[in-house]
Amino acid sequence: MVFSLRKQLLFGFLVLLVFSGHYALLNTATLLNEYGRQIEEWPLLFDTVFFLPLLYYLIFRPGLKDFLFKTIALCIGGIGFGSFAIPDENKILWQDLENVRPYLAGLMVIAEFTLVGWLVYQTWKLLRISGDVDNMLERQVIGRLGDSPISRIILFDAKIWFYGLLLKKNKTIQYEGEQHFGYAQNGGNASNQLGLIFLMMFEIPLGHALLHFLAAPAVAWLISALTMFGMLYLLAEYRATLRRPISLGRDALLLRCGLFAPDARIPYALLASATPLRGQAPRERGTRRLEQMGEPNVELRLRPGSELPGFLGGMQPVQRICLGLDRPQAFLQALQARLVQIADEK
């Protein structure tokens, strides 16, 4: 992960260096542009379409799909950069490229949604045989695209579509772990989420009517569509809250909390203490709060230097974890018994 981060920083620095050089060449009178009398577009176009994608390939050695996505993204970014970097009186090719950019962005969005839909559909078919949703989705996405921030976002979107639309109410799902503990009833957690969803359902037609008359019909439909898409995320979070447990595995504690919080596997050796928690946990660096709309009632302390993966997969230092569970005492007793069992086995 550290090596991958270094490559990303290197590539970002090189892209910044290339674009900075082009900006200086296009907007500074030097011998290279005959002191401002000859401003050429083709060097920036060449670097955007050929040099930067080639540089990305040489640094990351990506698969074909990842390379195509990144090439389109670099082209969109390069065209956008040229739109403000190239003086208007010198734009010839860029006038046509600026018209193409929205179509490239739309093509990229359609391709992303197609990929997510295909991955979810493939996973849904495999779930007829195996009910382990988390591992199946991760194998489909991370296994095919590699572990990167982009693939983590695609994995998150795949879970949203699966839990929000494809998951049947009577479907039995298996989760890794030997003992499972829920968090849906703690402090009315799931009920509060459902109330927010109903509130959005009532707000959509009212907001649509107001925007239709006060702004424009197109604006009303756009805002309503975005609100409904946001409601899909809330629905998926609600259904995941009812399904996805915090589990005690054979050699690690498996943290799950809806879909928005990053999952984590904590080896028991990293646990320093586990105690009841009363009162609200403050938001501070190094503390991860997993209570959603409930109340925190369990505090886990990790050993110094512990790190857990964040939303995009990068490691983050964590010293304290606050959980909001339905049965905190049962969880603490089971966790203590598991730690004693591991100590006896050693």
Practice prompt. Test Phe311 against Phe260 for ring-ring contact (aromatic ring centres under 6.0 Å, His included), laying out the working first.
Written response: CA-CA 8 Å; Phe311 182 78; Phe260 294 128; 8.2 Å; no
Practice prompt. Take Tyr233 and Phe229 through the ring-ring contact (aromatic ring centres under 6.0 Å, His included) test and state the conclusion after the steps.
Written response: CA-CA 7 Å; Tyr233 279 69; Phe229 188 67; 5.2 Å; yes
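Inspection of the Gln193 and Asn189 side chains reveals an N or O donor paired with an N or O acceptor under 3.5 Å. No donor-acceptor contact under 3.5 angstrom links the side chains of Asn192 and Tyr238, judged on distance only.
Among residues at least two apart or in separate chains, side chain to side chain donor-acceptor pair (under 3.5 Å) pairs with a member in residues 200-218 are His208-Ser224. Each side chain to side chain donor-acceptor pair (under 3.5 Å) pair with one or both residues in residues 300-314, not counting sequence neighbours, appears once here: Glu299-Arg301.
For the pair Ala236 and Gly164, the tightest heavy-atom approach, listed with the atom from each and the gap, is CB-N, 3.7 Å.
The aromatic rings of Tyr56 and Phe11 sit perpendicular, their planes meeting at an angle over 60°, well past the 30° parallel limit. Ring geometry for Phe50 versus Phe46: interplanar angle of 30 to 60°, hence tilted.
Atom CZ of Arg320 and atom CZ of Arg285 lie 15.5 Å apart (nearest 0.5 Å). Expressed to the nearest 0.5 Å, how far CD of Gln174 lies from CG of Asn135 amounts to 10.5 Å. The line from NZ of Lys159 to CG of Asp157 is 11.5 Å long, rounded to the nearest 0.5 Å.
The hydrophobic cluster containing Val15 also contains Leu44, counting ILVMFWY residues as joined when their side-chain heavy atoms lie under 4.5 angstrom apart, directly or transitively.
At least one donor-acceptor pair closer than 3.5 Å links the side chain of Arg239 to the backbone N or O of Tyr163.
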